[in-house]
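This report concerns only the one structure given below.
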There are 2 protein chains.
Amino acid sequence: MSKQELPIVDVCCAPLACEPLSESEAAELAPLFKAIADPVRLRLLSLIACHEGGEACVCDLTTAFDLTPPTISHHLKVLRQAGLIESERRGTWVYYWINPAVLARMSTLLTPASTAFAETA
Amino acid sequence: MSKQELPIVDVCCAPLACEPLSESEAAELAPLFKAIADPVRLRLLSLIACHEGGEACVCDLTTAFDLTPPTISHHLKVLRQAGLIESERRGTWVYYWINPAVLARMSTLLTPASTAFAETA
DNA sequence: ACTCTAATTTGACATCTATCTATGCAAGCT
DNA sequence: AGCTTGCATAGATAGATGTCAAATTAGAGT
């Protein structure tokens, strides 16, 4: 539905610490993190990812928050426009599921290159 | 220097998709992503992480942007207050380095639990 | 057709944010 | 002491963002 802006996924996938991010790479990646830089959207993403069958109806999601349906709808739209989730209407209900490839790309980006951590000083 | 608010790192470390994020977990995690949800800060983080010795002087960073020093200083402060980087003054210059543990935690959170991606459809 | 429910869109508003200029502070040098 | 450079803070401002109430669209079932 509504194929408006499709998320770009052609940027590099190397960890942040491998080589400095170019201006254009940063410009494409920042919106992905901006999309999850909100407590409600983080929980939405988690609720969807954890839901049985890998997808959740909006009605399953709205009940988990002290927010009005339009607000939830707004947050879902932000996540969808960023490419983090996808949706489909089936009869009365609209279902959402996550796009694991985008999540994986973000995860990889944040991987400490050297993996030289572990010193929890 | 200035031990103001130290970042909390006592929240769970499991991937988003393992079990739904609690409200408080989301509230603690969102600011971390908000800190990197900006193209300038993403590049700053990358520049610092990639710099030889694992640390960079502010003077190394300001030259990479078309922004005034106060603006860079502001972004560094945001990253530092989130716990993503740390800093120390040595003589004339101030050096910044990344906190790999926090990066690793964020990376883990975004790991698709099932690791059932790879279908780059 | 009418009605009911599910979900989104629109418009408004208060708050937050990125950026700048101007100022302040700290360290090194003459 | 005084100057210069590196960096941070303070204050101001335009623009983005999260939230809600009201209106709208889409299906399902009388």
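Model, not experiment: these values are computed from the prediction. Proteins get letters first, then strands, A, B, ... in listed order; numbering begins at 1 in each.
- For B:Pro39, the side-chain contact (heavy atoms from CB on, under 4.5 Å) partners two or more places apart in sequence, or in a different chain, are A:Ala26, A:Ala30.
- With rounding to the nearest 0.5 Å, the separation of CG in A:Leu79 from NE2 in A:His74 is 9.5 Å.
- Under 4.0 angstrom from either OP1 or OP2 of C:dA6 there lies no side-chain N or O belonging to A:Tyr96.
- Rounded to an integer number of Å, the gap from A:Lys77 NZ to C:dA6 C1' is 17 Å.
- Side-chain contact between B:Met106 and B:Leu110: absent, with no pair of heavy atoms (C-beta onward) separated by less than 4.5 Å.
- Put simply, CG on B:Leu76 is 15 Å from C1' on C:dT19, counting in whole angstrom units.
- For the side-chain contact (heavy atoms from CB on, under 4.5 Å) test, residues two or more places apart in sequence or in another chain that qualify with B:Glu86 are B:Trp97, B:Asn99.
- Hydrophobic cluster membership of A:Trp93, counting Ile, Leu, Val, Met, Phe, Trp and Tyr whose side-chain heavy atoms lie under 4.5 Å apart directly or via other members: A:Tyr95.
- By the side-chain contact (heavy atoms from CB on, under 4.5 Å) test, A:Pro70 pairs with A:Thr68, sequence neighbours left out.
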Kindly list each side-chain donor-acceptor pair under 3.5 angstrom involving residues 50-65 of chain B, sequence neighbours excluded, with atom names and distances?
unit_1, atom_1, unit_2, atom_2, d
B:His51, ND1, B:Glu55, O, 2.9
B:His51, NE2, B:Asp60, OD2, 3.4
B:Glu55, OE1, B:Arg90, NH2, 3.3
B:Glu55, OE2, B:Arg90, NH2, 2.3
B:Asp60, OD2, B:Cys57, N, 3.2
B:Thr62, OG1, B:Val58, O, 3.3
B:Thr63, OG1, B:Asp60, O, 3.2

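- Of all heavy-atom pairs between B:Ile36 and B:Leu42, the closest is O-CG, 3.3 Å.
- Using a 4.0 Å cut-off on heavy atoms, the residues of residues 49-72 of chain A that approach DNA chain C are A:Cys57, A:Val58, A:Cys59, A:Pro69, A:Pro70, listed by number.
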Between protein and nucleotides 13-17 of chain C, what N or O pairs are separated by less than 3.5 Å?
none

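- In this structure, the CG atom of A:Leu44 is 14 Å from the C1' atom of C:dA7, given to the nearest Å.
- With DNA chain D read from its 5' end, the first of the two nearest nucleotides for B:Tyr95 and A:Val40 is the one closest to B:Tyr95.
- Per the geometry, NE2 belonging to A:His75 stands 13 Å off P belonging to C:dT8, to the nearest Å.
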Practice task
Indicate for each nucleotide in nucleotides 24-30 of chain C, in 5' to 3' sequence, whether protein heavy atoms under 4.0 Å reach the base (B), only the sugar-phosphate (S), or nothing (-).
Solution key: ---SS--
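- Counting heavy atoms from C-beta on, the side chains of B:Lys77 and B:Arg80 come closer than 4.5 Å.
- Partners of A:Ser73 by side-chain contact (heavy atoms from CB on, under 4.5 Å), not counting sequence neighbours: none found.
- Partners of B:His75 according to the side chain to side chain donor-acceptor pair (under 3.5 Å) rule, which considers only residues two or more places apart in sequence or in another chain, are B:Arg41.
- One interatomic measurement links the two molecules: CG of A:Leu79 to P of D:dT17, which rounds to 14 Å at whole-angstrom precision.
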